[in-house]
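For reference, the structure discussed in these notes is given below.
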Amino acid sequence: MKTLVFSIVIVAATFLTGCGQSSGSGVLFDGTDGGRWTTTGGATVADGVLALHDGATAVLKSAKYKDFELEMVLRTVSAGKGYVAFHTDAAAGKGYRVAVNNDRTDDVWWKMTGSLLSVRNLTKSFVRDGDWFTMTVRVEGQAVTVSINGSPVVEYIEPTAPYRVAPNEAALLSAGTFALVSESGDIEFKNISVIALQTDEAAVQSQLAAAGDEQNDDIIRLHQEDFPVLDYHVHLKGGLTEAELAQMSRDVGINYAIAPNCGIGFPITDDAGVLAFLDSMRSQPFILAMQAEGREWVVTFSQAVRDEFDYVFTDALTFTDDKGRRTRLWMPDEVWIEDQQKYMDLIVDRICQVLQEPADIYVNPCFLPEPMDKKYDEFWTEERMNKFVDAMAKSGEALEINARYKIPNKAIIQKAKAAGVKFTFGTNNGMRDLGKLEYCIEMKNACGITAQDMYKPKIKI
């Protein structure tokens, strides 16, 4: 997010704004109901905890907040799911909703705790079901920040013309009260407090100038249609740091999976290296994947250690050709093509062999070396596509749609979808520039790929 300068006044009493009378700072729940909240359904207060059982709600009475910092301590119990609403009304029918969901078995795995629902959906929760954590929601003018245990997970600036579709038309900044909602299971709250803020007009105009154009942003469209927004294939290369990638994620609204290169001759070469990487990254806001390099990876790394990743992917760019030569298809001096059609058959054969390895995702799919890549559609004949897709379906692996190389082509994707193959979107960046998954989104729209067609990671923390 671009650096903005705010003029903030912390208010400890009632004040007036252009939106009408607002409520002041203070404790909203201190362990007793105190008459501040209207509850419906199975809501109870005991031992300093407000518990919302399946379907229960609690709405703060007679309150109207515009700019504020709301903080609470909460936990989900037995996979409870729900949300915290702000700028809402007595029916929790307008304003924004911040997700509360730590259930990693949920089929809707891309709307985890801290998500600003329909605008910035998150694929990774920082906390486990049953653990207490602190959530902070801060609104300053057009800027919304959501933090979990002190770390920002969402930074969003609402532009002058937000992009919204049904049923999200009312997800807009205005002013209003707070609502706590359990949609299923139990959610428990304690120590709820608020600080009223005031943002001056100059700061608001600065924010609007920094906001993106949502009317021409494919990423907000994916969030609005409830589609998982995840780049499954990202590397920390070209000097790109974890902090920069996390900020990039908050700026553009794409969740990222970081994958170290693991194999002989690569940065991680053994189980100890894998475990050291995972220990350093578990608290980071990224899904963690293993890029398994070469054909030796199955014996180089134990299955127990490989299973510590959220998923494992590999490609068929490295293999041994029929004359025993180690081949890396992206390196022209390691590719020996005597007859292009025969070499194409060799590539398809090696792909089908690689698809028998115990990976979760096949990436850089159907890649062709120079100069064969200039005739991609010609080499990928109907017969070869069918052979490949049949091997994909039998493997149970997901198929990456790769943004960097713009592969595979539409015909292969359509055949894979018809065969029931799952998909991932991946950049495989060589340097710092990640883009915005443009080719992946183009193919998603052209081939009718839905959220249910996407591969679900086995996310751990």
Side-chain angles (χ1 to χ4, degrees), residues 218-219 229-249 251-269 273-274 277 280-281 284-297 309-319 326-335 347 350-351 354 359-374 376 398-409 412-413 423-444 455:
D218 285 335
I219 302 305
V229 185
L230 173 64
D231 188 333
Y232 291 74
H233 188 168
V234 174
H235 301 295
L236 294 177
K237 292 182 176 179
L240 182 63
T241 67
E242 298 148 17
E244 289 172 330
L245 187 62
Q247 185 64 64
M248 191 183 302
S249 177
D251 287 346
V252 303
I254 299 175
N255 297 278
Y256 295 118
I258 290 180
N261 300 91
C262 302
I264 296 174
F266 288 90
I268 296 180
T269 59
V274 167
F277 169 81
S280 70
M281 295 296 295
Q284 297 293 323
F286 312 113
I287 290 172
L288 302 177
M290 175 186 188
Q291 176 150 8
E293 301 284 3
R295 308 280 55 89
E296 309 89 357
W297 69 271
F309 285 98
D310 298 323
Y311 52 85
V312 174
F313 60 76
T314 194
D315 59 36
L317 272 62
T318 302
F319 57 80
R326 182 177 175 85
T327 297
R328 291 184 289 181
L329 288 179
W330 73 97
M331 301 186 70
D333 60 347
E334 295 188 14
V335 178
I347 289 173
R350 294 302 188 268
I351 289 173
V354 167
D360 300 301
I361 304 168
Y362 171 57
V363 304
N364 300 319
C366 308
F367 179 95
L368 297 185
E370 296 180 355
M372 293 174 62
D373 60 335
K374 306 301 187 296
Y376 190 95
L399 174 64
E400 176 182 81
I401 302 175
N402 185 275
R404 177 180 178 181
Y405 297 118
K406 298 183 179 180
I407 52 177
N409 63 13
I412 293 173
I413 294 170
F423 296 95
T424 67
F425 294 170
T427 295
N428 184 22
N429 58 304
M431 296 297 287
R432 297 171 61 89
D433 183 25
L434 295 180
K436 291 187 175 181
L437 297 170
E438 289 87 351
Y439 180 73
C440 306
I441 296 171
E442 177 188 347
M443 289 297 101
K444 167 209 172 280
Y455 171 78

Practice task
Check step by step if side-chain contact (heavy atoms from CB on, under 4.5 Å) holds for N261 and I268.
Solution key: CA-CA 6 Å; N261 300 91; I268 296 180; over 6 Å; no
Fill in the blank from the handout: Interatomic distance, CD1@I413 vs CE@M443, rounded to 0.5 Å, equals 5.5 Å
Completion exercise
For I401 and C440 the tightest heavy-atom approach is O-SG, 3.1 Å
Exercise for the section: Test side-chain contact (heavy atoms from CB on, under 4.5 Å) on W330 and V335 and set out the steps. Expected result: CA-CA 8 Å; W330 73 97; V335 178; over 6 Å; no
Handout entry: Student check: side-chain heavy atoms of I219 and I441 closer than 4.5 Å
Key = yes
Handout entry: For L437 against A403, the heavy-atom pair lying closest together
Key = CA-CB, 4.3 Å
Practice task
Report yes if the side chains of L240 and M248 come closer than 4.5 Å at any heavy-atom pair, otherwise no.
Solution key: yes
Practice task
Determine, stepwise, if the pair F425 / Y232 fulfils ring pair (Phe, Tyr, Trp, His ring centres under 6.0 Å).
Solution key: CA-CA 6 Å; F425 294 170; Y232 291 74; 7.4 Å; no
Practice task
Taking the side chain as every heavy atom from C-beta outward, state whether F423 and Y455 have any pair of such atoms under 4.5 Å apart.
Solution key: no
Exercise for the section: Can you measure from CZ (R295) to CD1 (I264) and round to the nearest 0.5 angstrom? Expected result: 11.5 Å
Fill in the blank from the handout: Value for CD (Q284) from CD (E242), rounded to nearest 0.5 Å, stands at 5.0 Å
Problem - SB check E438 K406 (cutoff 4.0 Å) - result: no
Problem - Spatial distance of atom CG (D315) from atom CG (L317) [nearest 0.5 Å] - result: 4.5 Å
Exercise for the section: Please examine the side chains of F319 and V354, heavy atoms only from C-beta on, and report whether any two atoms are closer than 4.5 Å. Expected result: no
Fill in the blank from the handout: With sequence neighbours left out, the residues meeting salt bridge (charged side-chain N to carboxylate O under 4.0 Å, His left out) with E296 are R326
Problem - CH2 on W297 to CD on Q291, rounded to 0.5 Å - result: 11.5 Å
Handout entry: Least distance between heavy atoms, P408 atom then Y439 atom
Key = O-OH, 2.6 Å
Exercise for the section: Indicate yes or no: at least one non-hydrogen side-chain atom of F277 is less than 4.5 angstrom from one of C262. Expected result: no
Practice task
Please examine the side chains of I407 and Y376, heavy atoms only from C-beta on, and report whether any two atoms are closer than 4.5 Å.
Solution key: yes
Handout entry: From N429 atom CG to D433 atom CG, the distance as rounded to the nearest 0.5 Å
Key = 8.5 Å
Completion exercise
Heavy atoms of L368 and M372 approach each other most closely as CD1-O, 3.9 Å
Problem - Check against side-chain contact (heavy atoms from CB on, under 4.5 Å), N402 and V363 - result: CA-CA 7 Å; N402 185 275; V363 304; 5.8 Å; no
Practice task
Run the numbers on L236 and T241 for side-chain contact (heavy atoms from CB on, under 4.5 Å), then give the verdict.
Solution key: CA-CA 6 Å; L236 294 177; T241 67; 6.0 Å; no
Problem - Minimal non-hydrogen separation, S249 against N255, with atom names - result: OG-CA, 4.0 Å
Practice task
Output yes when a side-chain donor or acceptor of D360 lies under 3.5 Å from a complementary backbone atom of V312, and no otherwise.
Solution key: yes
Problem - Considering all heavy atoms, the nearest G435-I254 contact - result: O-CD1, 4.3 Å
Problem - Whether H235 and H233 hold their rings parallel, tilted or perpendicular, with breakpoints at 30° and 60° - result: perpendicular
Exercise for the section: Give a yes-or-no answer on whether the side chains of N428 and N364 include a donor-acceptor pair shorter than 3.5 Å. Expected result: yes
Exercise for the section: Flag the pair I351 / Y362 as yes when at least one side-chain heavy-atom distance between them is below 4.5 Å, and no otherwise. Expected result: yes
Practice task
Please examine the side chains of V252 and K436, heavy atoms only from C-beta on, and report whether any two atoms are closer than 4.5 Å.
Solution key: yes
